[in-house]
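Written below as structure tokens is the structure these notes are about.
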Amino acid sequence: MAEPFDVKSTLNLPQTAFAMKAKLTQKEPELLKKWKETGLYGRILRKHAADPTFVLHDGPPYANGTIHLGTAMNKILKDFIVKSRTMQGRLAPYVPGWDCHGLPIEIHVDKLLGDRKKDMSIIEIREECRAYALKYVDIQRSDFIRLGVFGEWDDPYLTMAPGYEAGVLRHLAAFFAAGNVFKGKRPVHWCPTCRTALAEAEIIYKDKTSPSIYVKFPMATDLGAKIPELRGRRASVIIWTTTPWTLPANLAIAFHPEHEYAAFESGEDVYIVAKTLVPKIAGMLGIRDPKILATILGRDLEGLKARHPWIDRDSLFVLADYVTLDDGTGCVHTAPGHGLEDYQTGRAYGLDIYAPVDDEGRFTPDVARYAGMSVFKANRLINDDMRRDGALLEEGEISHSYPHCWRCKNPVIFRATAQWFISMDEGGLRQRTLDEIRRVRWIPAWGEERMAGMMESRPDWCISRQRSWGVPIPAFACRACGEILANEATTLHVADIFAAEGSNAWFVRGAEDLLPSGTRCPKCGGTAFEKEHNILDVWFESGASHGILGHRPDLPWPADVYIEGHDQHRGWFNSSIVIGVEAKGASPYRTCITHGFILDAKGRAMSKSAGNVIEPRTIIAQNGAEILRLWTAMLNYKEDAPFGDEILQRVVEAYRKIRNTWRFLLGNLSDFNPDRDSVPASEMDGLDRWALAASAEVGAKVLRGYEEFEYHTVFHALYNFFTVDLSAFYLDILKDRMYCSGKASRLRRSGQTAMFRILKDTLRLMAPILPFTAEEAWEVMPAFRGKEQSVHLEAFPAIGGDVILGEAEKSEWRALIALRERVLKELESARERKTIGNSLEAQVTLRVPPADRPLLDKHRAGLASLFIVSAVVLADGEGEGVGIAVAKAPGGKCVRCWNYSTHVGTSVDHPNLCARCEAVVRDLGR
RNA sequence: GGAGGCGUGCCAGAGUGGUCGAUUGGAGCCAACUUAUAAUUGGUAGCGAGUGCUGAUACCACCCGCCGCAGGUUCAAAUCCUGCCGCCUCCGCCA
């Protein structure tokens, strides 16, 4: 006989507007719009106005191209930091920035302009660069906003803004004040055709045929003192080179300190080369069985000298680690003005950085015989002359990869030119920076070692570039005597002009107009000057970005945190700390965090040429930004992370689980008024108290994770809690109580109270990671006293309070949960035996040994619901452990709650209901 | 060439000296439910060698080895040390 009404209508089934299907791609833009309209970001800052500050200073991405996954991850991590610190009660403003100057933009604009560039002024070209940079600032800005990153997007810092440019020069002035800036020579790639210096990005490597020659340098020092066997012999060192034209600039020969060198006989002559290369060289000279007269370690040759093959000059024997035995003779021709390693070695030995070659690649008058001759043409002649003099031992050709100019495609040369430097050791800058590095907190810890290693080995900082798109180095030359004028005062003066007019002023104004009035040459007293045309290395510009701090009370200097990819140990972290130390005497960051790179699904770096690049826009368009954020939270960002479809699907799965759990909580709270219906913890059902205690434990772990910037532990802790504790255990058990108990019964309200508190806590704990979903849920969550309009205006929950369980209670629950697992296994085998289907068809009999009796008696009433069965019978057992038996539950199935009960069929009014349901239905007046 | 990082089951990813052959999730297989329903729940489940059982290289039981490989420290190692191999990132780039 059926009930005279629809039983289902008497149940309290879940109800919520929070959809199962997220439709993130639609929902996220709606929330962004709403946040913008309600001025959420400003409200957050105002709410925390009186709180202690926390400054994450943004490393400026380069304003060129669209963002890639790595950029997205970086911004998301920054947002985790800012949002979580905010919810921890800090005033944490976030000012994003962009790096706008520099070569890549200049090259792109160059290509865009093509031939038109010839007719344009430098100002016009710079305006094109500015427009180009602004375009990409806009594009990237909207991408970052789309990710849900909160910040001052309307007022970012741009390195090309006049105020910023002035700040850069003021930092430069600090180096002038310290006496650390000097002008020196340094080899750069130089295109003789285009008559310009080239950056690495403007070099293309192509195969080129070059001469390959072996040249002997006769000893100037008598080796007899060191090697008695060679007393009185005519000894020479043999070098190998592919650039004969650099021989006029030869000042040294480099040996490896650890390699063994040998002197072998060739008729009257004795030649010195690396011992292992003797057979090769001797064979080349036609000596069948070379006689080795003596050997000597490279380091013992240091300081000796050889004669230049034709110039009246000695060549110093120096030591260098980069000398290899793969090619040549192990004795390396060294011209400090024509090679980077040669340059470094030359500086180490105090040699002249000698490069007697002019802008067009011709020898200067300094070089006898070849003056005015193009260096490539001179190769032939030099070889001929040396052959005639007997200096050339062997001549051939070699095809090798050689740098060429990207524009004219001609081979380039390496040539020392005048450049501006910051000395790392003059004034102890390197050491002071190293000291500061020790004071910074590095995450991960190995960052310190890496950073210190780089700082120890970095050469003097070459800060000048022969380019247009950047901040000019304000240096002048006296027209009368050529004296260079650049110091703290002139730099600060130009900084003031830039602050008002921007760095274009350098190109618009005359030299005298850029100097304080009445400036005279300190050397000759002249009053006429000309401007130099160098711009600053962009790393100096971005490294000075901490200059935006310290001008607003909410943005003090130094920053609490810098966080970028680990490539920035050499880049931004490096230049920032050097500038911070010189200008402010300290590191501009207290904590420095690095993250890994994003690789493709196979673990390879993403690159356009490999065709494995995944655009964040694609992910967002298909899955929503929330998925990208969750992925970022799941991974241990300290390591490089693979990314691909399969991985993405897993993230989507995890998202669904979290979303559905929140949805279930919301669904069961539709009739719950927290302020009116909450049950005090002391009166709550035991299981609910357990759930709150578990939630508190997770909460503590999550807060620790945020504190330590460990977002994957945040995610794992919450996700585990959702799947294991809530979904598979607590909420599963709670269903019967929620659906079937009287709406306002104490038991149901107790469960609702726990669910509400868990929902409220987890939404807030998850808000920094899932700002959209947490907000969406927050909006539909029951209102309560003090509820903020947005979850992002809330603080993290205080953990603990009234729900911590004692150790005794905890171990009781551990025992019950362990017993439950065993019961579930027994139920499964009963299911396999077809004894039962649904677990509610079962009655479980526990044979309880005396030792376990107190525990089970205490929880007797809750056991059936704990196991989700219809009945539990306790019987006396023996020995160790509780025995478990499963049988078909007696009685009939209650059509309302599906529990089996002997009460079913006994009631006249409600013969299909169990006692509990009959009572509930009666209360409803049915 | 230099610096740094990483290597755990089919996959992802926990685990930093015993309670770990190893948490959790995904995929797989089996099942329940239709009251979170394009949802929820339970169970099962690594690889290799050996012994027993057997008609059987199947199932089951037992046992041994395996957390990149090889050693070492220790009463005890996925966890510490050394070497090797592999992968990745950054920097340099050759006279």
Side-chain angles (χ1 to χ4, degrees), chain A residues 7-8 11-16 18 20-21 200 205 212 239-243 246 250 253-254 320-324 326-335 338-342 345 400-401 403 414 444 446-447 449-451 453-454 457-458 565-571 594 596-597 599 601-605 634-636 638-642 644 646-647 649-654 656-657 659-668 712-713 716 719-720 723-724 727-729 731-732 735-736 738-740 821 823-825 827-829 831-832 834 836-841 868 896-898:
Chain A
V7 177
K8 204 165 169 177
L11 292 168
N12 315 303
L13 296 181
Q15 269 187 322
T16 176
F18 189 78
M20 180 182 299
K21 224 175 157 191
E200 194 55 46
Y205 285 87
S212 163
I239 62 96
W240 172 66
T241 184
T242 56
T243 52
T246 60
N250 172 285
I253 296 172
D321 289 336
Y322 55 78
V323 175
T324 69
D326 302 338
D327 303 297
T329 65
C331 316
V332 176
H333 153 57
T334 298
H338 291 300
L340 199 59
E341 286 179 327
D342 299 32
T345 303
H400 60 164
S401 170
F414 231 49
W446 53 259
E449 199 190 333
R450 184 144 190 232
M451 187 71 179
M454 286 181 171
S457 63
R458 76 166 285 171
H566 55 55
D567 56 332
Q568 297 303 327
H569 282 124
R570 183 169 291 272
T594 50
F597 281 71
L599 313 173
K602 290 180 198 140
R604 296 180 193 283
M634 286 167 82
L635 59 91
N636 177 358
K638 295 182 187 85
E639 293 164 19
D640 293 345
E646 201 188 321
I647 292 161
Q649 277 319 302
R650 237 191 311 283
V651 181
V652 171
E653 279 300 320
R656 277 207 204 109
K657 188 72 200 179
R659 186 178 178 90
N660 267 318
T661 304
W662 277 339
R663 179 167 184 267
F664 184 76
L665 294 172
L666 286 166
N668 283 290
H712 66 296
T713 67
H716 281 292
Y719 187 64
N720 250 14
T723 54
V724 181
S727 189
F729 177 65
L731 298 181
D732 203 29
K735 282 176 196 168
D736 176 81
M738 287 300 120
Y739 300 163
C740 306
E821 303 212 337
V823 169
L824 292 181
K825 278 199 180 36
L827 288 172
E828 184 64 20
S829 50
R831 199 171 285 130
E832 275 168 20
K834 305 290 179 196
I836 59 163
N838 188 325
S839 66
L840 284 175
E841 292 169 31
I868 318 185
R896 186 167 177 273
C897 71
W898 303 342

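Keep in mind that this is a model prediction, so the values were computed, not measured. A note on names: the letters A, B, ... follow the listed sequences, proteins ahead of strands, and every chain is numbered from 1.
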So, is [X] near the phosphate of [N], with a side-chain N or O under 4.0 Å from OP1 or OP2?
X: A/Ser727; N: B/rU41; answer: yes
X: A/Lys834; N: B/rA31; answer: no
X: A/Arg458; N: B/rA3; answer: no

In the strands shown, is [N] matched to any nucleotide by a Watson-Crick or G-U wobble pair with both distances under 3.5 Å, and which?
N: B/rU34; value: none
N: B/rU89; value: B/rA3
N: B/rC10; value: B/rG26
N: B/rG21; value: none

Check the interface with nucleotides 24-26 of chain B: list each N/O to N/O pair with the protein under 3.5 Å, or write none.
from, atom 1, to, atom 2, distance (Å)
B/rU24, O2', A/Asn720, OD1, 2.9

Non-neighbouring partners of A/Glu341 that pass side-chain hydrogen bond (donor to acceptor under 3.5 Å, both in side chains), sequence neighbours left out: none
Using side-chain hydrogen bond (donor to acceptor under 3.5 Å, both in side chains) as the criterion, list what pairs up with A/Arg831, not counting sequence neighbours.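 side-chain hydrogen bond (donor to acceptor under 3.5 Å, both in side chains) check on A/Arg831 returns A/Glu828.
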Given B/rG4, B/rA31, B/rU41, which nucleotide is nearest the side-chain atoms of A/Trp446? B/rG4
Categorize [X] for me: base, sugar-phosphate, or nothing, with a 4.0 angstrom heavy-atom threshold over every strand shown.
X: A/His338; answer: nothing
X: A/Glu449; answer: sugar-phosphate
X: A/Cys740; answer: nothing
X: A/Leu827; answer: nothing

Can you tell me how far apart CZ (A/Arg663) and CZ (A/Arg656) are? Round to the nearest 0.5 Å.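 Here the rounded value is 13.5 Å.
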Whether A/His566 and A/Phe597 hold their rings parallel, tilted or perpendicular, with breakpoints at 30° and 60°: tilted
Going by atom types only, do A/Thr246 and A/His333 share a side-chain donor-acceptor pair under 3.5 Å? yes
With C1' as the reference atom in both, quote the distance from B/rC66 to B/rC60 in angstrom, rounded to an integer.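 It works out to 23 Å between them.
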Base B/rG42 to side chain A/Glu828, donor-acceptor N/O within 3.5 Å cut-off: yes
Would you check if the side chain of A/Arg896 reaches a backbone N or O of A/Cys740 as a donor-acceptor pair within less than 3.5 Å? yes
Can the positive tip of A/Arg659 be found less than 6.0 Å from the middle of the six-membered ring of A/Phe18, inside 45° of the ring normal? yes
